[in-house]
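Taking it in order: structure first as structure tokens, then the write-up.
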Amino acid sequence: MNRYEAFGLGLLTRLDPERAHGLSLMALRTGLVALPGEITSPRLRTSLAGIDLPNPVGLAAGFDKNATALDPLTRAGFGFIEVGAATPRPQPGNPRPRLFRLPEDRAVINRFGFNNEGAAAIAARLAARPERGVIGLNLGANKDSANRAQDFAEVLAATGRWIDFATVNVSSPNTEKLRDLQGRAALESLLAGVLEVRDGLPRRVPVFLKIAPDLTDDEIAEIGAVALAAGINGVIATNTTLSRDGLGGAARGEAGGLSGAPLFERSTRVLARLSRATEGRLPLIGVGGISTPDQAYEKILAGASAVQLYTGLVFGGLSLVGELVRGIEDRLLRDGFATVAEAVGTGRERWL
């Protein structure tokens with residue numbers, strides 16, 4: 001991080017977190033942030049469910065909910081980006097304040113509740129997307145929907161022709177009873193509806209499932225079995241946690257999902273156990289607590305074909321992306337791996 005970025009982050013931390021986030025998106029859109037462009041090499045290039053990536057470091061959903069900064073984000077060094085979550089109809093989300101920093105813990109708590117401008121507005125921006133970059137969309141459900149499972153399929157129908165992958169998000173803790181859709185019967189039905197829509201699109205868009213970190217081993221195994229049987233293309237492990245173990249920040253008692261450093265071990269254990277349960281037959285994306293090259297690389301060793309981050313950017317800035325990508329390459333070289341794919345899952349056992 002250079003001194004200008006450090007100065008900018010310092011100013012943002014003095015503001016309300018949600019306002020600071022809005023200003024960071026505005027700075028991206030107006031060109032105030034220096035962007036490195038694509039970061040890649042033969043060792044970093046990899047494939048995720050048939051998608052060619054320049055490197056394995058992606059941006060998690062939630063940073064650009066409404067797809068308003070697609071052009072700059074595709075030039076920020078990420079191997080892929082995920083926007084959203086999008087719901088069929090616009091919704092304001094939960095009342096403010098709903099975003100809280102815990103700097104002592106290098107963590108964030110949010111209870112946004114799928115605030116977004118709706119599938120139609122987001123689809124229009126995706127239709128005008130830049131030609132470069134891999135862009136996916138996180139699918140969500142409206143809070144007051146009578147049929148939440150149908151909502152996921154509806155969003156994909158509205159947006160699918162303009163995205164490179166879609167993520168079924170049944171793991172947000174901020175929409176009441178949404179996580180109930182992770183149960184076998186509900187999940188099988190939901191995925192069948194989404195895949196039916198996917199199969200009717202002009203091109204075959206890979207579909208991923210995003211799961212919670214607060215799952216038992218039996219639940220992880222069941223989700224893995226359902227995912228394999230349904231024929232989806234991968235699983236993102238994990239979303240935010242409801243746990244507050246070991247936190248010291250003043251905002252630790254706030255309701256919502258916790259992300260950042262305290263999530264790293266919990267999410268990596270779920271990732272490794274899911275990798276074991278699916279026997280490496282399903283591409284996995286590792287998310288949760290990544291803020292150093294060692295942590296990003298550890299996710300790959302635990303079973304992730306690619307990784308995503310978001311909260312790490314709050315404390316490390318956009319320059320963290322390049323640090324992670326180059327750090328992964330250094331570690332692959334150190335350990336004798338010619339590609340990312342060769343390293344996937346080779347360190348899984350220490351997390352089981």
Side-chain angles (χ1 to χ4, degrees), residues 48-51 53 56-67 70 73 78-88 112 114 116 119 122-123 126 129 133-142 148-175 178-179 181-182 187 190-198 201 203-213 215 223-224 226-227 230-240 257 259 267 270-271 274 278 282-288 299 304-310:
L48 176 67
I51 307 170
L53 304 179
V57 177
L59 176 65
F63 183 84
D64 188 7
K65 290 177 177 292
N66 293 302
L70 295 175
L73 285 173
F78 293 105
F80 60 109
I81 65 173
E82 184 177 344
V83 298
T87 57
F112 282 120
F114 284 166
N116 73 105
I122 293 170
L126 290 167
R129 58 174 285 186
V134 174
I135 299 174
L137 177 66
N138 193 280
L139 314 179
N142 282 115
R148 287 180 177 168
Q150 180 61 33
D151 280 12
F152 294 94
E154 187 176 332
V155 175
L156 182 59
T159 61
R161 70 187 63 192
W162 298 294
I163 58 178
D164 298 303
F165 66 90
T167 300
V168 176
N169 184 357
V170 293
S171 52
S172 171
N174 298 319
T175 296
L178 184 71
R179 288 189 172 186
L181 294 174
Q182 292 177 124
L187 188 56
L190 186 157
L191 292 177
V194 170
L195 292 175
E196 182 179 2
V197 168
R198 189 275 304 274
L201 293 173
R203 60 193 180 98
R204 194 174 179 85
V205 175
V207 172
F208 302 144
L209 172 69
K210 190 167 189 176
I211 64 172
L215 297 168
I223 286 173
V226 171
I232 64 168
N233 304 97
V235 178
I236 300 179
T238 66
N239 212 317
T240 57
S259 60
S267 61
V270 171
L271 169 69
L274 184 62
T278 56
L282 198 63
L284 306 179
I285 300 95
V287 195
K299 296 277 191 186
S305 296
V307 301
Q308 289 178 317
L309 70 152
Y310 175 4

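Judged by distance alone, with hydrogens and angles left aside, the side-chain atoms of Arg148 form no donor-acceptor pair with the main-chain N or O of Phe152 at under 3.5 Å. Under a 3.5 Å cut-off, the side chain of Asp164 and the backbone N or O of Gly136 do not form any donor-acceptor pair. Listed for the Ser267 side chain is a donor-acceptor partner under 3.5 Å among the backbone atoms of Gly288.
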Do Leu284 and Leu274 pass the side chain to side chain contact (heavy atoms under 4.5 Å, CB included) test, and can you show the C-alpha distance, the side-chain angles, and the key distance before you say yes or no?
CA-CA 8 Å; Leu284 306 179; Leu274 184 62; 3.7 Å; yes
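Smallest separation of non-hydrogen atoms from Pro213 and Val270: O-CG2, 3.5 Å. The heavy-atom pair separating Ala212 from Ser171 by the smallest distance is N-CB, 3.3 Å. Taking both residues in full, the closest heavy atoms of Pro56 and Ser305 are given as CB-O, 4.0 Å, listed atom of the first, atom of the second, then distance. What you find for Ile122 and Ala86 is that their closest heavy atoms are CD1-CB, 3.6 Å. Taking both residues in full, the closest heavy atoms of Leu271 and Gly286 are given as CD2-CA, 4.2 Å, listed atom of the first, atom of the second, then distance. Here the closest heavy-atom approach between residue Ile232 and residue Leu282 is recorded as O-CD1, 3.6 Å.
Shown here are the side chain to side chain contact (heavy atoms under 4.5 Å, CB included) partners of Ala157, two or more places apart in sequence or in another chain: Val197. Arg198 meets the salt bridge (charged side-chain N to carboxylate O under 4.0 Å, His left out) test with no other residue; sequence neighbours excluded. Take Asn142 and apply the side chain to side chain donor-acceptor pair (under 3.5 Å) test, not counting sequence neighbours, and it matches Thr87, Gln91. Annotation: side chain to side chain contact (heavy atoms under 4.5 Å, CB included) contacts of Ser172 (sequence neighbours excluded): Phe114, Asn169, Asn174, Leu178, Asn239. By the side chain to side chain donor-acceptor pair (under 3.5 Å) test, Glu154 is found to be paired with no residue, residues two or more places apart in sequence or in another chain being considered. Take Thr159 and apply the side chain to side chain donor-acceptor pair (under 3.5 Å) test, not counting sequence neighbours, and it matches no residue. Not a single side chain to side chain contact (heavy atoms under 4.5 Å, CB included) links Ala192 to another residue, sequence neighbours left out. For Arg161, there are no salt bridge (charged side-chain N to carboxylate O under 4.0 Å, His left out) partners two or more places apart in sequence or in a different chain. With sequence neighbours excluded, the residues forming a side chain to side chain donor-acceptor pair (under 3.5 Å) with Asp151 are Ser145, listed by chain and number. Phe80 meets the ring pair (Phe, Tyr, Trp, His ring centres under 6.0 Å) test with no other residue; sequence neighbours excluded. Remark: Tyr310 pairs with His21, Ala60, Phe63 by the side chain to side chain contact (heavy atoms under 4.5 Å, CB included) rule, at least two apart or across chains.
Of the listed residues (Leu137, Leu195, Ile163), just one forms a side chain to side chain contact (heavy atoms under 4.5 Å, CB included) with Leu156, and that residue is Ile163.
The closest side-chain heavy-atom distance from Asp64 to Ile81 is not below 4.5 Å. Proximity of Ile223 to Leu209: side-chain heavy atoms (C-beta onward) are separated by under 4.5 Å at one or more points. A 4.5 Å side-chain heavy-atom check between Thr167 and Leu139 finds every atom pair outside the cut-off. A 4.5 Å side-chain heavy-atom check between Asn66 and Val83 finds every atom pair outside the cut-off. Using a 4.5 Å heavy-atom cutoff, the side chains of Ile285 and Val307 are not in contact.
Within the structure, every pair that satisfies the side-chain hydrogen bond (donor to acceptor under 3.5 Å, both in side chains) test and touches residues 203-212, not counting sequence neighbours, is listed here: Asp199-Arg204.
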